[in-house]
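Nothing here was measured: the structure is a model prediction, and the numbers come from that model. No hydrogens, no waters, no symmetry mates; every other heavy atom, side chains included, goes into these values.
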Amino acid sequence: MQEEAETAALAFEHAPVGLALTRDRVIERCNARFCETFGYGADELAGRSLAALYPSAEEFQRIGEIGRQKMLDTGRYADERIMQRRDGGLFWCRVRGQSLTPEDPFTRAIWSFADISESRPVVDLTVRERQVAAFLAEGRTNKEIARLLNLSPRTAEAHRARLQAKLGARNATELVARLTGLPV
């Protein structure tokens, strides 16, 4: 039993992706890759809210609401989003979560964070453009995005057009490919 616990601790600490054990969206424990990914020292993150890793408090709140609902349904959550390093730099991150308390998903959860910025462009985007980009990466249409963000379809389309210009995409297919890191 002791050996199994030591093996599990080693696996957590040396996993090839960032791992964080959280309680109510506050980091209880995280591994070395997690610290490296976000630019913190090993002792700086325990007890801190995950909010420090988001580009804005609004995004922390919004993604939390979406995540809580999905985790109530399935116990799991996954997305790809822009996160923030300690130095303020933004990067694309693949996030996966598993609730350890399904009746109240954020009470205890384990999260993985993988830096995918090498395959994704990071450009200066507004909060709304990041929201639209995340939904486009999920394959949502302009009408669906408009409904989800409480916008008019024309406004959602305008945000998509600005994203295309900022990312140098010639059309919607190329834009989605750039957002998802897929080759065109």
> For the backbone of Thr37 and the side chain of Arg85, can you confirm whether one donor and one acceptor N or O come within less than 3.5 Å of each other?
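Such a contact is found between Arg85 side chain and Thr37 backbone.
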> Going through the checks in order, is the side-chain contact (heavy atoms from CB on, under 4.5 Å) test met by Gln84 and Leu90?
CA-CA 5 Å; Gln84 182 172 287; Leu90 302 178; 3.8 Å; yes
> Is Arg86 salt-bridged to Glu44, going by a charged N under 4.0 Å from an acidic O?
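Answer for the salt bridge query: yes.
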> Would you say Arg96's side chain and Asp79's backbone share a donor-acceptor pair under 3.5 angstrom?
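Yes: the side chain of Arg96 pairs with the backbone of Asp79.
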> With distance as the sole test, does Glu174 use its side chain to make a donor-acceptor pair with the main-chain N or O of Arg170 at under 3.5 Å?
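Answer holds: yes.
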> What are the two closest non-hydrogen atoms of Ser56 and Glu59, and how far apart are they?
OG-N, 3.1 Å
> Show me the donor-acceptor pairs within less than 3.5 Å that the side chains of residues 146-156 make with the rest of the protein, sequence neighbours left out.
| unit_1 | atom_1 | unit_2 | atom_2 | d |
| --- | --- | --- | --- | --- |
| Ser152 | OG | Thr155 | N | 3.1 |
| Ser152 | OG | Thr155 | OG1 | 2.9 |

> Locate the shortest heavy-atom distance separating Cys35 from Leu45; write the atom from each residue and the value.
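Shortest heavy-atom separation between Cys35 and Leu45 comes out as SG-CD1, 4.1 Å.
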> Hey, are Glu65 and Gln69 close enough side-chain-wise for a donor-acceptor pair under 3.5 Å?
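Judged by distance alone, the side chains do not pair up.
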> In this structure, would Val95 and Ile110 fall into the same cluster of hydrophobic residues linked by side-chain contacts under 4.5 Å?
no
> Of all the heavy-atom pairs spanning Trp111 and Gly97, show the shortest one and how long it is.
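Nearest heavy atoms, Trp111 then Gly97: CE3-CA, 3.2 Å.
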> Can you tell me how far apart CG (Asn142) and CZ (Arg160) are? Round to the nearest 0.5 Å.
5.0 Å
> Given the rule in the side-chain contact (heavy atoms from CB on, under 4.5 Å) test, do Cys30 and Tyr40 qualify, once you have shown the distances and angles that lead to the verdict?
CA-CA 11 Å; Cys30 57; Tyr40 287 88; over 6 Å; no
> Which pair of non-hydrogen atoms, one from Phe113 and one from Leu50, has the smallest distance, and what is that distance?
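Nearest heavy atoms, Phe113 then Leu50: CZ-CD2, 4.5 Å.
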> Tell me whether Met71 is reachable from Ile66 by hopping between hydrophobic residues (I, L, V, M, F, W, Y) whose side-chain heavy atoms are closer than 4.5 Å.
yes
> Would you confirm whether Ser117, through its side chain, and Phe91, through its main-chain N or O, come within 3.5 Å as a donor-acceptor pair?
no
> Measuring from atom NZ of Lys166 to atom OG1 of Thr126, what distance do you get when rounded to the nearest 0.5 angstrom?
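These two atoms lie 5.5 Å from each other.
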> Please report the interatomic distance CD(Glu129) to CG(Leu136), rounded to the nearest 0.5 Å.
11.0 Å
> Report the distance from atom OH of Tyr77 to atom CG of Leu72, rounding to the nearest 0.5 Å.
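Reported to 0.5 Å precision, the distance equals 13.5 Å.
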> Anything under 3.5 Å between a donor and an acceptor, one on a side chain of residues 7-21, the other on a protein residue two or more places apart or in another chain? List them.
| unit_1 | atom_1 | unit_2 | atom_2 | d |
| --- | --- | --- | --- | --- |
| Thr7 | OG1 | Glu3 | O | 2.9 |
| Glu13 | OE2 | Ala32 | N | 3.1 |

> Under a single-linkage definition using a 4.5 Å side-chain heavy-atom cutoff for Ile, Leu, Val, Met, Phe, Trp and Tyr, are Leu175 and Ile116 assigned to the same hydrophobic cluster?
yes
> Got a sec, which residues hit side-chain hydrogen bond (donor to acceptor under 3.5 Å, both in side chains) with Arg76, two or more places apart in sequence or on another chain?
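So Arg76 forms a side-chain hydrogen bond (donor to acceptor under 3.5 Å, both in side chains) with Gln98.
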> Where the side chain of Asp24 meets the backbone of Val26, is there a donor-acceptor pair that is under 3.5 Å apart?
no
> To the nearest 0.5 Å, what is the distance between CG on Leu53 and CZ on Arg48?
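Rounded to the nearest 0.5 Å, the CG-CZ separation comes out at 7.5 Å.
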> Start with the C-alpha gap between Glu58 and Gln131, add the side-chain angles, then the distance that decides, and say whether side-chain contact (heavy atoms from CB on, under 4.5 Å) holds.
CA-CA 11 Å; Glu58 177 188 26; Gln131 292 170 339; 4.3 Å; yes
> Counting only heavy atoms not in Glu103, do more than 12 fall under 6.0 Å of its CD?
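Correct, the count exceeds 12.
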> Measuring from Ser99:OG to Arg68:CZ, what's the distance to the nearest 0.5 Å?
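These two atoms lie 9.5 Å from each other.
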> Give the minimum heavy-atom separation between Phe135 and Arg62, together with the two atoms involved.
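In terms of heavy atoms, the two residues are closest at CZ-NH1, 4.5 Å.
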> Kindly give the heavy-atom pair with the smallest separation between Ala172 and Gln164, and that separation in Å.
N-OE1, 3.9 Å
